[in-house]
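Read through the structure below, which is laid out as C-alpha cells, and then see the notes.
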Amino acid sequence: MVDSRRRSFVSARQVADLAGVSRSAVSRTFTNGASVSEATRRKVLRAAEELGYHVNHLARSLIQEQSGIVCLIVADVATPYQSRMLDALTRRLQGIDRVAMVINTSGASGDAEAALRQTLNYRAAATIVLSGTPPAALVTTCINSGQRVILINRDDEIAGPINLSVDNAGAAREALHMLHRCGCRRIAVVSSTAGTPSLLARERAFAAAAAERGLEARVVRAGPTGYAAGFEAGRRLLSGSGRPDAAFCVTDLLACGFMDAARREFGLDVPGDLCVVGFDDIEQAGWASYNLTTFRQPVTAIADQVIRLVSDPAAPAGQSCFDVTPVWRRSVRPQ
C-alpha cells in the first residue's frame, strides 16, 4: 500500500498530531532561541524525522514580510567572467544561509524589466544586478519597494543603491601606456555593441588617453560581447593597408577572438606584429595559445563585499571602487 503522506509536503500540523503537541510547539521547536521543553522537543523531532518534515522557510518569511532570497540579475551567463562571479556569489550566499535566485536577462530587451519585477513578487531581501541592461527607473522602483539593490559595475546616478565598481578608466589608461611604451602608434579598441557602462568606460578612457598623446584610437564594435565579435573585429581591422599595430580589447573573450583572427586569417605574430591587451583575466587568458596581457578583476573581493552588505541591512548605500591588477604575459612586447 502506498503511503499517501509521501505524495505532498508534510505540514507542521501533521507533525503536531503525530507528536501529540500543539502546532505552536512545532513552530517553537524549529525556531532558534524559542522556548520549548526538552521532552516536547524530542517528541517533535522524532515525529518530524518519521514523516520527513522540513520547515517551510519561504512561507515563514512571507508571513514575517522578510525573505532570505537574494536575486542575482545577470546576462551573458555563459561567459567566463560572469560564470566566475556567479560561482563566487552563490557559494558565499549559501554560506550565510541565503537562497540565491538567478534570473537570466539574456535575450529580448524586455526580459530585464520583467526579471526585476519578479524580485518584487518574491519579496527578495536584496537584488544584485550583474547585468548592465535593467533601466535605471526600474532599479529605482525596487529601491522604493524596500529592496536593497547592489549594482556591480554600473555608473547610474541614482540615490539609494549600492554601486560596486572597478577602476575601468584607470585600467584603460594604463593599457594605453603599456602599448605606447613598447612603441605602438596605430592603436585600436575592440569593443562590443552591448553598450554597458563598464565597457563604455574602458573604451572612452582608452580613446581619451590616446588623444592626450596625439594618437587616434579606432573603435570597432562588431557584435555582442564574445569571442565571435572579437574575431570579426580582427577581420575588419586587419584587412586594410593601415592596419593597427596594437589593440586594447575591453574583455578577454573579445581579445581571444581578435588574436585568433590575426593569426589564422592574416598570419600575424603576436606580439611581434601586433600587441594585444585584454581585460578581466579569465582562465583562457592564461592558456598557452593566448598568453594574454590583461587586467584582473578582483572577483573575490567584490563577492566578499556583497556578502557583507547583504548580511548587514543597516550598511549605508554608496559607491565602492576596486582596483584592478595588471597581469603581464606575452601578448605585449617587452619595453
Side-chain angles (χ1 to χ4, degrees), residues 79 81 167-282 284-285 287-295 324 326-335:
T79 60
Y81 171 74
D167 187 7
N168 292 296
R173 289 191 293 269
E174 178 62 22
L176 186 281
H177 181 63
M178 288 177 178
L179 297 172
H180 189 268
R181 190 166 52 188
C182 69
C184 298
R185 297 296 182 269
R186 300 185 309 278
I187 298 174
V189 180
V190 177
S191 190
S192 85
T193 54
T196 62
S198 56
L199 301 186
L200 289 174
R202 294 168 205 168
E203 176 187 314
R204 291 166 179 169
F206 185 89
E212 290 171 2
R213 296 176 182 267
L215 305 174
E216 181 179 357
R218 180 183 173 188
V219 179
V220 173
R221 307 178 192 91
T225 312
Y227 177 92
F231 198 97
E232 177 59 25
R235 282 178 167 165
R236 295 183 189 181
L237 281 167
L238 303 173
S239 58
S241 57
R243 69 188 184 199
D245 58 6
F248 171 53
C249 301
V250 297
T251 74
D252 287 348
L253 210 52
L254 288 167
C256 291
F258 181 79
M259 291 172 71
D260 281 346
R263 291 164 170 163
R264 296 176 182 274
E265 299 286 304
F266 302 98
L268 298 176
D269 175 72
V270 178
D273 301 317
L274 178 67
C275 291
V276 181
V277 176
F279 196 104
D280 285 336
D281 195 32
I282 62 176
Q284 291 83 346
W287 289 0
S289 56
Y290 296 113
N291 253 325
L292 177 64
T293 294
T294 185
F295 291 87
V324 294
V327 180
W328 285 91
R329 294 193 179 99
R330 296 184 179 179
S331 63
V332 174
R333 293 188 296 271
Q335 290 86 30

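In this chain, residues are counted from 1 in sequence order.
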Closest approach of A207 to A217 (non-hydrogen atoms, all atoms of both residues): CA-CB, 4.2 Å
Trace of the side-chain contact (heavy atoms from CB on, under 4.5 Å) decision for M178 with T293: CA-CA 10 Å; M178 288 177 178; T293 294; 4.1 Å; yes
Donor-acceptor pair, side chain of T193 and main chain of G223, under 3.5 angstrom: yes
Contact check, side chains of V276 and C249, non-hydrogen atoms, under 4.5 Å: yes
Atom CZ of R204: over 12 foreign heavy atoms under 6.0 Å: no
Min side-chain heavy-atom separation F206-I187 under 4.5 Å: yes
Gap separating the CG atom of D273 from the CZ atom of R333, nearest 0.5 angstrom: 8.5 Å
Any residue meeting salt bridge (charged side-chain N to carboxylate O under 4.0 Å, His left out) with D280, in chain and number order, not counting sequence neighbours: none
R202 to V250 - nearest heavy-atom pair and separation: NH1-O, 2.7 Å
Under the salt bridge (charged side-chain N to carboxylate O under 4.0 Å, His left out) test, residues paired with R235 that sit two or more places apart: E232, E265
Intermediate values then yes/no, side-chain contact (heavy atoms from CB on, under 4.5 Å), F295 and V277: CA-CA 8 Å; F295 291 87; V277 176; 3.8 Å; yes
R264 CZ: over 12 foreign heavy atoms closer than 6.0 Å: no
Distance (rounded to the nearest 0.5 Å) between L199 CG and S192 OG: 5.0 Å
CZ on F266 to OG on S239, rounded to 0.5 Å: 5.0 Å
Nearest heavy-atom neighbours spanning S191 and E203: OG-OE1, 2.8 Å
Working for side-chain contact (heavy atoms from CB on, under 4.5 Å), residues V332 and L179: CA-CA 7 Å; V332 174; L179 297 172; 4.2 Å; yes
D260-Y227 side chain donor-acceptor pair, cut-off 3.5 Å: yes
R329 side-chain N/O to T294 backbone N/O, donor-acceptor pair under 3.5 Å: no
C275 side chain near C182 side chain, heavy-atom distance below 4.5 Å: yes
Note, L268 side chain near L238 side chain (heavy atom, < 4.5 Å): yes
Side-chain donor/acceptor of R330 to backbone N/O of N291, under 3.5 Å: no
Heavy atoms of other groups near R185 CZ, more than 12 under 6.0 Å: yes
Within-4.5 Å side-chain heavy-atom neighbours: V190 and V219: no
Carboxylate-amine/guanidinium contact E212 R173, below 4.0 Å: no
Reported CG-to-CG distance for the pair L176 and L215, which is rounded to 0.5 angstrom: 7.0 Å
Approximate separation, where rounding is to 0.5 Å, of D252 CG and Q284 CD: 8.5 Å
Aromatic plane relationship, F248 with F279 - under 30° parallel, 30 to 60° tilted, over 60° perpendicular: perpendicular
Min side-chain heavy-atom separation S331-P271 under 4.5 Å: no
Least distance between heavy atoms, L200 atom then G195 atom: CD1-O, 3.3 Å
Closest non-hydrogen atom pair, A233 against A222: N-CB, 3.7 Å
Passing candidate, side-chain contact (heavy atoms from CB on, under 4.5 Å) with I282, options L253, T251, L292: L253
R243 atom CZ, neighbour heavy-atom count above 12 within 6.0 Å: no
A285 to D281 - nearest heavy-atom pair and separation: CB-OD1, 4.1 Å
